[in-house]
Protein chains: 2
Amino acid sequence: MSTDGSRRRDVTVADVAKAAQVSKAQAARALGNYGAVSDDVRERVLAAAEELEYRPNELARSMNTGKSNTLGVVVGDIENPHFGLAMRGITDTAKKGGYNVVLINTDEEQAAEVDAVRVLLDKRVDGLIVAPASSIETAHLRQVRESGRPLVLLDRAAEGVDAETFAVDMGGISYESTKHLIEAGHRRIAFVSTVRTNAPYFAGMKLDSSQISDRLDGIHRAFNEAGLPQPTDLIRLNAGDADSIMRITRELLRGKDRATAIIASDGLIALSVVEAIQSSGLSIPEDVSFLMYDDFAWTRLTTPPLTVIAQPVYEMGQAAASALIRQIEGRKAGAPSPELVARLIRRGSVGAPRTADVLSQAGG
Amino acid sequence: MSTDGSRRRDVTVADVAKAAQVSKAQAARALGNYGAVSDDVRERVLAAAEELEYRPNELARSMNTGKSNTLGVVVGDIENPHFGLAMRGITDTAKKGGYNVVLINTDEEQAAEVDAVRVLLDKRVDGLIVAPASSIETAHLRQVRESGRPLVLLDRAAEGVDAETFAVDMGGISYESTKHLIEAGHRRIAFVSTVRTNAPYFAGMKLDSSQISDRLDGIHRAFNEAGLPQPTDLIRLNAGDADSIMRITRELLRGKDRATAIIASDGLIALSVVEAIQSSGLSIPEDVSFLMYDDFAWTRLTTPPLTVIAQPVYEMGQAAASALIRQIEGRKAGAPSPELVARLIRRGSVGAPRTADVLSQAGG
DNA sequence: GTGAAAGCGCTAACAG
DNA sequence: CTGTTAGCGCTTTCAC
């Protein structure tokens, strides 16, 4: 009888109240667990609710209370394990705090992100976690702050947006990693990223992603300090899809002045770079050294295992979610959130460059 | 002045109506793009809305229309790239159809799933996509159907639940893969899965996951057909976390009657199995052959590259989402959704077993 | 085309 | 403790 297929009218507090022979208000109080209700009434109401299979309408509830118990999350690409893991940190924390999560994927498109933020605001989420596609075009984020809705940022900072940001110190770890490569003897270090630019790259150039800018600054700093010429020509942005990354990698490894080490900007890029190196018949680290951002389990399975920059991604998600919830609930920051530090994990993919390369380059 | 921090009262249709000097109803019609509105009124309303930075309250809208334009998605583990990719298929399709996605992660816990479904229903999502943790305990899913809300299943079927299911034919591909191993000479083939059981495994045992049952059936079928003894003792369920999987793997590879081939039930398990094999100083495929479900990019980077069972995961997500949206919008199935077929991709991780193993086992 | 008024299902004042 | 009465912001009759 209830399997009639057609969506039957939902049962409401009014129905329950009638069945329990109490006022709507009393029923609502018993059901919503607020206000004062006698044991007798509560029992009758709860019984009636059970009997009728009453389920609260959270939309109606949210409308009155102004709270939806929902966090909005905007990320560039949920397919990227980096975000998958962060998302896990977010949802775990949200659940613990009694919140749900609405996810919107932007494909790293600025327009999609602006749209996503608006949609979530319209849906009256209680707060937003955004991994901004651009650190420069941030008007939509500033609007969020102006509307007074809590907002925290993940991974990358956003100019002019006064919001808690959860990310590691990219400049520092990039400097450290570059130094590691320089000390191993490398002078020609390449960096591959998918960040989009419309002008050709030059040192100090303003980039859409604060994260990448910081990494490049770290690289430059290490080279400066070592009194070595910047390998600016080996900074490859706009890397695009897998094929394009493989093509770029092959280019990087060609010629007299070739790269002797490559840094991949994330796990997805790394896959294509390593594949290109392998399919070129080159060995890591004998022919080329390799370093990548993010420590995924598979990086231990290649031969040799890969040297990586590990970020506490899950913890970043956790920290972002709990900070957001704290803001939503109007609590002051209590214990400072755990420090988010990246670590260089040295495995087997960084070695000395071939002597031939060093000589040819020095001589050229 | 608008940066006062405190959440200012949202501007409503009433405000816009007043500013545009029209009735609330007219303003609502112009804003909501329905009903009949003169050009003059529309213009004034839109101008006023712009001026006041009016934003519709989707909650209120949903309450009246009974539509939230939201799909609820329940998965076991968003950290698992399998679901990350499926999720991408879902969100891409949802966005195209004008829907948002609420995601709940269940950690493969039955109780969490029951809860998740209830929460989503209470939030009045327009429909649900569930990758059921259990194919047996399905009361909560049956309730969804009975409530009349659209539901589609992903990856696994659910007993007694009449819902469109998007998954590949696991029995078939498992049979084919096992046959491939048998033809390579293997008799001792292990299977490692995290599916939970409370009784020790026996052939034909009823499992929580239809997906795993089907795979095991496929294995048994292949062995039967070849007239070979079932390697029932090598079926390892309840594999648990990474450490536990590594321990199990080492066990499997010990002793006279050891496994000569291992099948990993998903990408996460595969990582630990391969790591255990490598750290035991064994080589693939010389010492042990290896086969896994899901074709992730990293499987091409190991030495040797891994033989995998590729599933069209993204397409499954797409198909599930579009079927759900179709149901929500009450349309009949049009063009049948593309066939979801798994493929065995032979790379380098399957070879012949060592003669010594074959002899010792035949002799034992 | 337009406007007044009645809800959607719930919470929140406010009297008793 | 209980019930009555207003809303929340929007859509939707229903008259004009």
Side-chain angles (χ1 to χ4, degrees), chain A residues 7-46 48-49 52-70 119 121-126 147 149, chain B residues 7-46 48-49 52-70 119 121-126 147 149:
Chain A
R7 198 129 125 213
R8 53 161 191 240
R9 200 184 122 284
D10 291 321
V11 358
T12 72
V13 266
D15 299 323
V16 176
K18 196 175 301 170
Q21 316 212 58
V22 296
S23 73
K24 221 177 60 171
Q26 280 309 83
R29 289 196 254 255
L31 261 8
N33 223 320
Y34 61 91
V37 187
S38 67
D39 287 351
D40 173 49
V41 169
R42 187 191 329 282
E43 258 171 51
R44 292 205 331 261
V45 170
L46 262 26
L52 298 176
E53 297 186 13
Y54 166 80
R55 296 270 70 224
N57 183 329
E58 291 296 344
L59 291 179
R61 200 167 259 181
S62 298
M63 261 202 69
N64 290 278
T65 58
K67 263 213 86 185
S68 58
N69 287 301
T70 301
V119 167
L121 250 26
D122 290 355
K123 275 198 180 297
R124 298 305 193 259
V125 295
D126 293 334
S147 81
R149 248 204 220 61
Chain B
R7 199 129 123 211
R8 52 160 193 242
R9 202 184 120 282
D10 290 322
V11 0
T12 73
V13 267
D15 299 323
V16 175
K18 196 175 304 169
Q21 316 213 57
V22 297
S23 72
K24 219 176 62 173
Q26 280 310 84
R29 288 195 254 256
L31 259 10
N33 225 319
Y34 60 90
V37 186
S38 67
D39 287 351
D40 173 49
V41 168
R42 186 190 331 281
E43 257 170 53
R44 291 205 330 262
V45 170
L46 263 25
L52 298 176
E53 296 187 15
Y54 166 80
R55 294 269 73 224
N57 182 328
E58 291 296 343
L59 291 178
R61 201 167 258 180
S62 297
M63 261 201 67
N64 292 292
T65 59
K67 263 213 86 183
S68 59
N69 288 301
T70 302
V119 166
L121 250 26
D122 291 355
K123 274 198 181 295
R124 300 304 193 259
V125 294
D126 294 333
S147 80
R149 246 201 222 66

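In the text below, chain A, chain B and the rest are named by the order of the sequence lines, each starting its count at 1.
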In whole Å, I'd like the distance from the [atom1] atom of [X] to the [atom2] atom of [N].
{"X": "B:Arg44", "N": "C:dT2", "atom1": "CZ", "atom2": "C1'", "value": "12 Å"}
{"X": "A:Lys123", "N": "D:dG9", "atom1": "NZ", "atom2": "C1'", "value": "15 Å"}
{"X": "B:Leu59", "N": "D:dT11", "atom1": "CG", "atom2": "C1'", "value": "15 Å"}
{"X": "A:Glu58", "N": "C:dT11", "atom1": "CD", "atom2": "C1'", "value": "13 Å"}
{"X": "B:Glu43", "N": "C:dG1", "atom1": "CD", "atom2": "P", "value": "14 Å"}
{"X": "A:Leu31", "N": "C:dC10", "atom1": "CG", "atom2": "P", "value": "8 Å"}

With a 4.5 Å heavy-atom cut-off, do [X] and [Y] have their side chains touching?
{"X": "A:Glu53", "Y": "A:Val11", "result": "no"}
{"X": "A:Val16", "Y": "A:Leu52", "result": "yes"}
{"X": "B:Leu121", "Y": "A:Arg55", "result": "no"}
{"X": "A:Val45", "Y": "A:Leu31", "result": "yes"}
{"X": "A:Asp10", "Y": "B:Arg124", "result": "yes"}

Ignoring backbone atoms, test whether [X] places a side-chain nitrogen or oxygen under 4.0 Å from the OP1 or OP2 oxygen of [N].
{"X": "B:Tyr34", "N": "D:dT11", "value": "yes"}
{"X": "A:Ser23", "N": "D:dT4", "value": "no"}
{"X": "A:Ser38", "N": "D:dT2", "value": "yes"}

Next on the checklist: Taking the basic N atoms (NZ, or NE/NH1/NH2) and the acidic carboxylate oxygens, is any pair closer than 4.0 Å for A:Arg61 and B:Asp122?
Outcome noted: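 Salt bridge absent between A:Arg61 and B:Asp122.
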Next on the checklist: Measuring from the side chain of A:Val41 (C-beta onward, heavy atoms only), which nucleotide among C:dT11, D:dT2, C:dT2 has the closest atom?
Outcome noted: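 Looking only at heavy atoms from C-beta outward on A:Val41, the closest nucleotide is D:dT2.
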Item to check | NZ on B:Lys24 to CG on B:Asp15, rounded to 0.5 Å | outcome: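 Going from CG on B:Asp15 over to NZ on B:Lys24, the span is 10.5 Å.
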Can you give me the N/O atom pairs linking the protein to nucleotides 6-9 of chain C at distances under 3.5 Å, or say none if there are none?
from  : atom 1 : to      : atom 2 : distance (Å)
C:dG7 : N2     : B:Asn64 : OD1    : 2.6
C:dC8 : O2     : B:Asn64 : OD1    : 2.7
C:dG9 : N2     : A:Asn64 : ND2    : 3.0

Next on the checklist: Check whether B:Arg42 reaches the backbone of B:Val37 with its side chain - one donor and one acceptor, N or O, closer than 3.5 Å.
Outcome noted: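 Yes; at least one donor-acceptor contact below 3.5 Å.
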Checklist entry - So B:Thr70 and B:Lys123, side-chain contact (heavy atoms from CB on, under 4.5 Å) or not? Walk me through it. => result CA-CA 9 Å; B:Thr70 302; B:Lys123 274 198 181 295; over 6 Å; no
Look for any protein N or O under 3.5 Å of an N or O in nucleotides 13-15 of chain D and output each such pair with its distance, or none.
none

